[in-house]
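Notes for the one structure printed next.
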Amino acid sequence: LAELFVPSTLEAAVERLSSDPRARPLAGGVGVLLARALGAATPERWVAVGALDELRELGLDGDRIVLGAGTTIEELAEPNTGVSVPGLLRAAATSVGNPGIRAVATLGGNVVAGGAASDLVAALVALGAEAEMVGPGGIRHVPVEVLASGGPPLRDELVRAFRVPAAATRLGWQRLALRGAMDRSSATVAVALGSAGARVAVTFVANRPLRLPSVEADPSPASARRAAARDVEALELFGDDRASVVYRRRVIPVLVERAVSAAFAMAPP
Ligand SMILES: Cc1cc2nc3c(=O)[nH]c(=O)nc-3n(C[C@H](O)[C@H](O)[C@H](O)COP(=O)(O)OP(=O)(O)OC[C@H]3O[C@@H](n4cnc5c(N)ncnc54)[C@H](O)[C@@H]3O)c2cc1C
């Protein structure tokens with residue numbers, strides 16, 4: 001039987017995680033149940049963090065939108081606060097699972113459990129988001145691209161929030177799911193074109209979220225497909241039950257071309 005500790009503050013949660021090496025954070029529990037159903041060993045001691053006020057912040061801090069790690073995916077898909085959730089993140093959230101899952105699964109749990117196999121990570125990486133990590137040593141900021149490439153955060157650290165540049169961007173989003181509703185993506189592409197340049201992120205195709213440097217250097221609808229083909233040729237992809245490496249190398253450039261074209265079709269910010 002698992003033990004659950006319900007802290008009343010972020011400080012108490014961090015204290016428990018650092019004093020008990022066997023305890024792990026628990027948010028919506030969807031990722032944990034999925035891991036258990038797939039046969040992964042899961043800890044017996046949990047610290048419930050999803051409902052902590054400190055992880056539920058939604059607001060603006062200077063030029064950053066702050067999205068608490070305990071924000072549910074439903075709240076991202078259909079925000080009813082005054083905070084403007086970037087369209088790319090709303091598109092990603094809408095594509096996750098089903099309404100029941102979106103109502104309880106959190107942004108933080110999705111990023112930590114999903115890593116490179118997450119729709120939200122594609123959006124956050126394209127937007128240039130950072131994770132705010134809190135541990136016994138204090139606060140540090142880590143690019144989501146790094147967090148999702150290196151596995152879970154340090155053992156006694158929590159993700160408190162994500163900080164997303166608020167500057168307006170033109171956005172493109174493509175998600176390839178072969179079997180329709182509730183299907184995991186075979187390749188997700190997120191494109192953000194802003195005044196600081198272009199960022200293109202791909203997830204579900206490798207053991208880390210990928211960026212496509214040739215497309216980012218010349219993000220035009222006319223050249224995006226060829227540039228993406230060059231990029232994916234040089235990157236290590238994996239094959240799985242959804243798509244082979246050869247198929248992914250062929251389909252990613254098509255998705256990138258569509259996403260870049262969609263971004264260009266938007267009015268400039
Ligand atoms: C049927 C199904 C369909 C799905 N479809 C999609 C999909 O289409 N696209 C997609 O991207 N995802 C999909 N998912 C994944 C789902 O979105 C994640 O499993 C979910 O968001 C995890 O969030 P959670 O709050 O339930 O995390 P939990 O299960 O509570 O935690 C997951 C992991 O994250 C850690 N953790 C949680 N919060 C924090 C924190 N604040 N700081 C540090 N560590 C933390 C926990 O310790 C644990 O290791 C699907 C899942 C299911 C079951």
Side-chain angles (χ1 to χ4, degrees), residues 2 4-5 7 10 13-14 16-18 20 22-38 40-57 67-77 88-89 91-125 131-135 139-140 142 144 147-148 150-162 173 175-188 190 201-204 209 242:
L4 182 68
F5 172 66
L10 174 62
V14 169
R16 174 58 70 106
L17 288 168
S18 61
D20 181 355
R22 289 169 59 197
R24 300 296 307 134
L26 183 73
V30 173
V32 169
L33 287 177
L34 182 62
R36 191 167 279 198
L38 293 172
T42 51
E44 291 303 315
R45 295 225 276 270
W46 296 103
V47 178
V49 300
L52 284 173
D53 285 347
E54 294 94 329
L55 270 70
R56 303 268 311 145
E57 181 181 352
L67 302 167
T71 305
T72 65
I73 295 176
E74 177 185 79
E75 287 165 335
L76 288 175
L88 204 46
L89 212 45
T94 307
S95 70
V96 169
N98 61 33
I101 286 171
R102 293 196 287 274
V104 288
T106 64
L107 174 60
N110 178 285
V111 172
V112 172
S118 154
D119 289 298
L120 299 178
V121 164
L124 290 169
V125 170
E132 182 185 311
M133 318 282 294
V134 182
I139 297 176
R140 66 185 178 118
V142 180
V144 171
L147 180 66
L154 288 183
R155 211 214 56 74
D156 53 4
E157 272 183 314
L158 274 174
V159 183
R160 192 195 74 79
F162 297 89
W173 172 256
R175 180 181 191 272
L176 182 67
L178 302 179
R179 290 185 286 265
M182 282 287 287
D183 197 9
R184 200 177 132 102
S185 171
S186 302
T188 290
V202 189
T203 53
F204 291 98
R242 282 166 177 75

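FYI, the numbering just counts along the sequence from 1. Remember, it's 1-based here, ligands and their atoms both numbered in the order they're listed.
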So, regarding [X] and ligand 1 (criterion: nitrogen or oxygen to nitrogen or oxygen, under 3.5 Å), is there a contact or not?
X: D119; value: yes
X: V159; value: yes
X: G31; value: yes
X: L26; value: no
X: A105; value: no
X: L34; value: no
X: V112; value: no

Query raised in the report: Do any heavy atoms of P25 fall under 4.0 Å from ligand 1?
Result: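 Judged by the 4.0 Å heavy-atom criterion, P25 does count as contacting ligand 1.
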
Query raised in the report: Are P209 and T203 side-chain neighbours, meaning at least one heavy-atom pair lies under 4.5 Å?
Result: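 Side-chain contact under 4.5 Å: yes.
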
Requested in this report: Can you sort out which atoms of ligand 1 are near S95, meaning under 4.0 Å from one of its heavy atoms?
Outcome: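 So the atoms of ligand 1 that pass are 8 (O).
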
Query raised in the report: How would you list, by chain and number, every residue that makes a salt bridge (Lys or Arg N to Asp or Glu O under 4.0 Å) with E74, sequence neighbours excluded?
Result: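 With neighbours one apart ignored, the set is empty.
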
Query raised in the report: Can you list the residues that meet the salt bridge (Lys or Arg N to Asp or Glu O under 4.0 Å) rule with R36, with sequence neighbours excluded?
Result: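 Checked R36 against salt bridge (Lys or Arg N to Asp or Glu O under 4.0 Å); zero matches.
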
Query - From the candidates I101, L10, L52, the one that places a heavy atom nearest atom 52 (C) of ligand 1 - result: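 Heavy atom nearest to atom 52 (C) of ligand 1 belongs to I101.
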
